[in-house]
K.L.:
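One structure, as structure tokens, below. Some questions next.
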Amino acid sequence: MISEAIKNILSQKLEGLGIKVLPKEISLERPANRDHGDWSSNVALVTAKEAGRDARGLAQEIVDFINENLPYGVEEVSSAGPGFINFRTSRALAYEVLLKVLTSKENSYGSSQLGEGRSVNVEFVSANPTGPLHAGHARGACYGDSVGNLLSYVGYDVHREFYMNDRGLQMNVFGRSLEARKNNEPVPDDGYGGDYVSDWANQMPDGLALEEIIDWGCDYAKRDQQETLSQMGVEFDTWFSEKSMIESGGIEKILTSLEEQGVSYKRDGATWLASEKFGDDKDRVLIKSDGEFTYLTPDIAYHKHKFERSDWLINVWGADHHGYIARMKAAMQALGFDPEELTVQVTQLVKLLRGGQEVKLSKRQGDIIELRSIIEEIGADSTRFMYLLQSVDSKQTFDLELAASQAMDNPVYYVQMAHARLCSIERNANEKGFEFKPLPVDELDVLVHPREIEIIRGLEILPETIELAARELAPHKIVTWVRDFSNAIHGFHHDCYVVGDGVRKELTNARLNLVVASRIGLKVGLDLLGVTAPDKM
RNA sequence: GCGCUCGUGGCUCAAUUGGAUAGAGCAUCUGACUUCGGAUCAGAGGGUUGGGGGUUCGAGUCCCUCCGAGCGCGCCA
């Protein structure tokens, strides 16, 4: 890796100067401004003070040294600004990138072993089995699945899990609601009032007892949710049942365990978790004075269960659950697990517009917009892309009309079109008798057009983009890359004909290499997002 | 009141986690089609990064403070 070579020579010179900098402290980054080269280091700036030197002078001295010992692939080194050291890499290096993409196995360019095979459990959606999935579940579904893709691509052993709260008060209310609608009675005051309750109740067999109704409803809800997720390509490895965990004695085990650790105690007729000691605001009740446990207790048991199966846990929670993070981490710490290995990603709310107007919730339907109807309206690809467009840290707003439109202002179409175009160019080349074969580096050096260079640059930064997105659990960084890269492709398509009267054979073959490599790269990005890469549209 | 997450052109959002001149898309205006899909491309205008203070070579990013938004704050789930 060129970046390693640069780091090595930097640290070599710094050591020679008696400046102590650990290798990991040598930062090398991609300058935002292309005029500053391909790589840039701030080591001179960072170390100048301690070394009692001025940064510019130090940078220049390092530059002079490197100029006498240029590593392979580095064409130019210079100092700039307040003391940056900028590196420009050679064309040949760029062509090697192209070759690497072309010779990579299917769906492997940019993959890595960053995760070293560590097992990670990604739990997301986890909607109550009391109704269909709605708009509020969509962001977590798209996000969690894409995070799973990313982590898997960088070498983690990923397990996707859906936690079903299939017992407790809300299931009872749900059962009674179904029962009432079955009998054409109004649902109880605190019941589920959505239209779907009647629809479902009508499909329910006659003569079921409440317990059976609950089981039937739960099962129906699960299949309904599963089907909706499947429409978006989201599949879980495990649908974990709270009920079965409790029936197998999970609660007793956790209570015993907490007691043995000395982190629970009795007070006012209740059993408490001493969570304040572990960073929570206050202690929490595990067993109420009426003998029932709170909903925290099974959740603790569940997380313990997950920890016993995985090295690292990721929970994707809605913003309304963020207050719950501290106590869950505290509980895990109390049990002796490392709270750092429990990552909770909170997704902020999404506001939906249609034609610029906020989509109003309908009371009649029970205050929900079904996810299924969103997918039907804008399509699965659009749904995934739109929900992944932005960082889940911030609130999001998007317009369903825009997301459904097959127009240039719809980013999904823009990106998919880029892929379709690449395929189209390949088809055209084939029809004209050109056969793609990977060319050696010295035959690729006809690729010098700024559009071509831009594309190669895009492919070059894909692996580091993937790594960053995985490290930060931030699929929107892939979206940004995919959009930028598509922009480069459209530009190339516009300015650089691959096959045509005025294009000589050597250039056609080289550009065909570029086209195929781009298609591979773009598909890697889209796959990570769970968005299809169509051959034609 | 306390806590968490935020606040970036008219709108929707980025910004390599402290880097160099804050970038894209939409919208607006102006240009570009005999070829592989114009569903495209190029250019222009538009910013005191909510306000103020601080830290340092350097702040949208870190600290303090104020303003504003969303969400939490139960022996509910």
Side-chain angles (χ1 to χ4, degrees), chain A residues 27-33 35-36 40 42 44-46 48-49 54-56 80-84 86 128 165 168-171 173 267-272 281-282 284-296 298-299 318-326 346 348-349 351 353 356 389-399 402 405-411 413-414 416-418 420-429 431-432 451 461 464-465 468 471-472 476-477 479-480 483-484 487 489-503 508 511 515 536-537:
Chain A
S27 77
L28 206 56
E29 35 186 53
R30 299 284 194 177
N33 185 340
D35 294 339
H36 295 141
S40 174
N42 61 0
L45 286 160
V46 175
K49 192 172 214 176
D54 83 291
R56 301 190 68 128
F84 288 102
N86 296 334
N128 282 341
N165 293 99
L169 194 62
Q170 86 280 356
M171 291 312 291
V173 172
R267 191 182 75 202
D268 305 334
T271 302
W272 297 69
D281 295 342
K282 50 186 159 187
R284 307 286 171 176
V285 172
L286 294 167
I287 306 176
K288 298 184 272 178
S289 47
D290 66 3
E292 291 289 317
F293 42 76
T294 64
Y295 96 115
L296 174 64
D299 245 22
D320 52 340
H321 283 83
H322 73 256
Y324 198 64
I325 298 171
V346 168
Q348 298 297 322
L349 292 176
K351 188 200 281 186
L353 307 178
L389 214 46
Q390 271 112 43
S391 160
V392 290
D393 292 337
S394 27
K395 283 172 287 186
Q396 184 186 17
T397 303
F398 75 83
D399 198 308
L402 170 67
S405 78
Q406 307 202 359
M408 63 194 247
D409 52 355
N410 182 346
Y413 278 84
Y414 184 85
Q416 290 189 316
M417 186 60 202
R421 271 193 158 155
L422 292 170
C423 294
S424 169
I425 293 172
E426 271 184 82
R427 280 194 299 271
N428 183 264
E431 281 167 19
K432 300 276 165 58
R451 299 293 203 181
I461 65 170
E464 60 209 61
T465 304
L468 188 68
R471 277 187 199 283
E472 297 179 13
H476 77 275
K477 287 178 188 290
V479 176
T480 302
R483 295 179 76 178
D484 287 348
N487 184 265
I489 288 168
H490 286 305
F492 167 77
H493 168 268
H494 189 265
D495 291 349
C496 305
Y497 281 96
V498 174
V499 184
D501 297 339
V503 188
T508 293
R511 284 184 171 167
V515 164
K536 55 176 74 171
M537 293 178 70

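Within every chain, numbering begins at 1; the chains are lettered A, B, ... in the order of the sequence lines, protein sequences first and strands thereafter. Keep in mind that what you see is a predicted model, and the values were worked out from it rather than measured.
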K.L.:
Regarding A/Ser289 and A/Asp268, do their side chains bring together a donor and an acceptor under 3.5 Å, going by distance alone?
P.N.:
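No pair is found: no donor N or O on one side chain lies under 3.5 Å from an acceptor on the other.
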
K.L.:
With respect to the side chain of A/His494, which nucleotide from B/U40, B/C6, B/C75 is positioned closest?
P.N.:
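It is B/U40.
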
K.L.:
What nucleotide, of B/C13, B/G38, B/C41, holds the atom closest to the side chain of A/Arg451?
P.N.:
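Nearest to the side chain of A/Arg451 among the choices is B/C41.
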
K.L.:
What's the closest nucleotide to the A/His322 side chain, out of B/C4, B/C36, B/C13?
P.N.:
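Within the option list, the nearest is B/C4.
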
K.L.:
How far does the C1' atom of B/A15 sit from the matching atom of B/A59, given to the nearest Å?
P.N.:
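B/A15 and B/A59 have their C1' atoms separated by 13 Å.
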
K.L.:
If you check every side-chain atom of A/Arg30, which of B/C36, B/G25, B/U16 has the closest atom?
P.N.:
B/U16

K.L.:
In terms of side-chain heavy atoms of A/Gln390, which of B/U12, B/G25, B/C41 is nearest?
P.N.:
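Nucleotide nearest to A/Gln390's side chain: B/U12.
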
K.L.:
Picking from B/A77, B/A14, B/U16, which would you name as closest to the side chain of A/Ala32?
P.N.:
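Per side-chain heavy atoms of A/Ala32, the pick is B/U16.
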
K.L.:
Of all the choices, B/C75, B/C71, B/C13, which nucleotide is nearest to the side chain of A/Thr397 once you look at every atom?
P.N.:
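The answer is B/C13, which lies nearest to the side chain.
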
K.L.:
So does A/Val285 get a backbone contact from the side chain of A/Thr294, meaning a donor-acceptor N/O pair under 3.5 Å?
P.N.:
yes

K.L.:
Measure the shortest side-chain to side-chain distance between A/Val346 and A/His321 over non-hydrogen atoms and say whether it is less than 4.5 angstrom.
P.N.:
no

K.L.:
Of all the choices, B/U40, B/C6, B/C57, which nucleotide is nearest to the side chain of A/Leu45 once you look at every atom?
P.N.:
B/C57

K.L.:
Tell me which nucleotide, if any, is Watson-Crick or G-U wobble paired with B/G3 when both distances must be under 3.5 Å.
P.N.:
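Because both required distances fall under 3.5 Å, B/G3 counts as paired with B/C71.
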
K.L.:
For A/His36 and B/A20, is the gap between ring centres under 5.5 Å while the planes differ by less than 30°?
P.N.:
yes

